[in-house]
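Numbering of ligands and ligand atoms starts at 1, following listing order. Quick note: numbers below take in every heavy atom, side chains included, and nothing from hydrogens, waters or symmetry partners.
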Amino acid sequence: MFENLSERLSGVFDRLTKQGALSEDDVKTALREVRVALLEADVSLPVAREFVKAVQDKATGQAVTKSITPGQQVVKIVHDELVHVLQGEGDPGKLKIDNAPAPILMVGLQGSGKTTTTAKLAKRLKDREGKRVLMASLDVNRPAAMEQLQILGVQIGVDTLPIVKGETPVQIARRAKTQASLGGYDVYMLDTAGRLHIDQELIQQAADVRDVVNPRETLLVVDGLTGQVAVEVAEEFDDKIGVSGVVLTRMDGDGRGGAALSMRAVTGKPIRFVGLGEKMDAIETFEPERIAGRILG
Ligand code: GDP
């Protein structure tokens with residue numbers, strides 16, 4: 001369905017006269033193809049435009065190395081710039097969980113993969129860092145969501161806070177905090193309620209919980225296949241609640257990963273993890289190189 005960018009560019013450069021350096025016209029022609037490739041990978045138009053401009057400034061006048069074709073050279077410049085934009089500071093997989101018990105707040109829309117991701121990250125902390133983790137669902141409107149977290153907890157060998165009917169999300173968060181302190185847990189993860197769309201009540205609920213527990217990390221879970229919507233959701237959550245990182249789920253799907261670039265460029269928030277399936281081990285630390293390769297096809 002998609003034509004690979006390298007193939008596309010080699011076609012472009014075949015039509016151009018070869019010179020010692022990439023001329024402005026050569027670069028412009030090539031970058032038109034790059035822009036189409038970015039749009040096909042679901043990068044938003046303003047982000048694609050700005051990205052192409054940055055690459056144009058970098059590429060013009062660069063000497064063409066003898067060992068590679070001009071097309072390959074432009075692909076390399078584009079690849080390096082993609083990695084540069086996608087890269088956050090520090091190790092994205094390192095969660096701030098000093099000062100036990102460390103609260104982690106999980107936020108996002110219903111269906112984004114929030115509960116699954118909560119359990120995946122809990123398992124990772126347990127298996128890789130030997131942490132004792134307590135999980136709690138704050139989704140008081142959806143008993144099924146609470147039960148889902150409990151079932152996942154049993155499956156991965158991570159404790160969940162016992163479900164008590166009639167409590168508010170803030171009351172559950174307080175109980176989780178107390179239980180985590182008394183029980184000697186290193187981390188407690190709060191899986192907040194999700195809705196199909198962002199609404200005031202949802203945001204207020206998450207903000208109230210945030211104010212009670214003062215989370216060390218607030219991770220926003222978004223469906224990586226939803227492209228521009230994912231970016232809008234991230235802007236809204238960051239604006240109202242403040243997020244410390246983003247988890248992009250469903251990156252095992254056949255989307256081209258352009259949402260990652262728009263996400264970084266628009267919100268400035270680091271992408272910390274990517275979800276790669278329904279299984280509890282299907283999560284990886286975000287690697288800019290991999291996404292860059294995928295966007296370029
Ligand atoms: P929530 O409503 O945000 O808590 O979403 P859930 O965690 O219940 O996930 C909704 C559905 O998406 C479930 O069937 C999950 O197994 C599935 N899911 C979650 N993350 C991923 C992922 O990274 N890849 C795939 N393919 N499915 C996922």
Under a heavy-atom criterion of less than 4.0 Å, does [X] contact ligand 1?
X    : value
L109 : yes
A282 : no
G277 : yes
S112 : yes
Q148 : yes

Contact check: T116 vs ligand 1, nitrogen or oxygen atoms, below 3.5 angstrom: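 In this structure, T116 places an N or O atom under 3.5 Å from an N or O of ligand 1.
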K114 N/O under 3.5 Å from ligand 1 N/O: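 K114 vs ligand 1: N/O contact under 3.5 Å present.
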For ligand 1, the portion of [X] having any non-hydrogen atom under 4.0 Å away:
X    : answer
D252 : side chain
K120 : side chain
I283 : neither

F286 six-ring face occupied by R272 cation (under 6.0 Å, within 45°):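 Cation-pi check for R272 and F286: fails.
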Salt-bridge present (R124, D281; N to O < 4.0 Å):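 Salt bridge between R124 and D281, a charged N being under 4.0 Å from a carboxylate O: no.
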Lys/Arg N to Asp/Glu carboxylate O, K28 vs E33, below 4.0 Å: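 No, K28 and E33 are not salt-bridged.
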Test item: side-chain donor near acceptor, D223 and T249, under 3.5 Å: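 No, no side-chain donor-acceptor contact under 3.5 Å.
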Distance-only polar pair, side chains of S244 and E217, donor-acceptor under 3.5 Å: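 Yes - a donor-acceptor pair under 3.5 Å links their side chains.
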Hydrophobic cluster (4.5 angstrom, side-chain heavy atoms) - remaining members for M189: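 Via sub-4.5 Å side-chain contacts, M189 links to L95, I97, I104, M106, L121, L125, V133, M135, L149, L152, I156, V158, V187, L219, V221, V247, F273, M280, I283.
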Heavy-atom nearest neighbour of atom 18 (N) of ligand 1 within options R250, M280, K279: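 The option holding the nearest heavy atom is R250.
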H79 and E289: CA distance, side-chain angles, deciding distance, side chain to side chain contact (heavy atoms under 4.5 Å, CB included) verdict: CA-CA 8 Å; H79 176 269; E289 296 272 349; 3.2 Å; yes
